[in-house]
Amino acid sequence: MSEAPQSLRSASAVSVGRIFLNVNKPRAAVKPLTTAVSLNPNDVDGHFFRMLAFYYLGEYNDARTDAHRAAGMPGPRARGRRPVPLERA
């Protein structure tokens, strides 16, 4: 049997990290979320949920770094879409 693709392993690691966050264990969430980010550096969810874990731990510089990375990535619904220009008042 072949090994699971990296994107699936990354998504699984994010899921584990989210479970730890849901039971208020942010320190335990950091390791699987870091694994997710290392497997897929463009994983918005990995960066976002690791940012939350760092924030809850009071590690604000690390949280800020992940927040900036996540903010710079398009979300799954943004792929292939052009930005909609805002109308002027």
Side-chain angles (χ1 to χ4, degrees):
M1 189 167 176
S2 66
E3 193 172 310
Q6 272 190 313
S7 60
L8 180 60
R9 291 193 339 235
S10 175
S12 296
V14 169
S15 294
V16 171
R18 288 182 69 181
I19 290 168
F20 282 124
L21 285 173
N22 286 337
V23 295
N24 200 25
K25 295 191 178 208
R27 186 154 316 278
V30 170
K31 185 174 181 180
L33 293 168
T34 298
T35 298
V37 169
S38 68
L39 289 170
N40 183 3
N42 296 321
D43 187 347
V44 176
D45 288 341
H47 286 288
F48 176 78
F49 289 109
R50 189 172 70 170
M51 178 267 306
L52 288 178
F54 284 142
Y55 180 82
Y56 295 147
L57 292 169
E59 298 175 13
Y60 302 118
N61 288 333
D62 291 330
R64 184 180 305 117
T65 299
D66 273 342
H68 285 289
R69 286 182 182 149
M73 298 176 191
R77 297 180 208 276
R79 290 189 188 114
R81 294 187 184 175
R82 289 189 198 153
V84 178
L86 298 175
E87 293 180 24
R88 293 188 179 200

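We number each residue from 1, following the sequence as shown.
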Are side-chain heavy atoms of Leu52 and Asp66 found at a separation under 4.5 Å? no
Scanning both residues in full, the closest heavy-atom pair of His47 with Pro41 reads NE2-O, 3.0 Å
Mind listing the closest non-hydrogen atom pair of Gly46 and Val37 along with its distance? C-CG2, 3.7 Å
Answer yes if Leu33 and Phe48 sit in the same cluster of Ile, Leu, Val, Met, Phe, Trp and Tyr residues linked by side chain heavy atoms under 4.5 Å apart, and no otherwise. yes
Taking only residues two or more places apart in sequence, or in another chain, which ones meet Arg27 in a salt bridge (Lys or Arg N to Asp or Glu O under 4.0 Å)? Glu59
In the structure I gave you, are the side-chain heavy atoms of Phe54 and Tyr60 within less than 4.5 Å of one another anywhere? no
Is Ile19 linked to Leu57 within one hydrophobic cluster, defined over Ile, Leu, Val, Met, Phe, Trp and Tyr using a side-chain heavy-atom separation of less than 4.5 Å? no
Validation row: Met51, His68 side chains within 4.5 angstrom (heavy atoms): no
So OG of Ser10 and CG of Leu39: to nearest 0.5 Å the spacing works out to 5.5 Å
Close side-chain approach of Asp43 to Val14, heavy-atom, < 4.5 Å: yes
Would you say that Phe20 contacts Pro32 through its side chain, given a criterion of any heavy-atom pair below 4.5 Å between the two side chains? yes
Output the distance between atom CG (Asn24) and atom OH (Tyr56), rounded to the nearest 0.5 Å. 8.5 Å
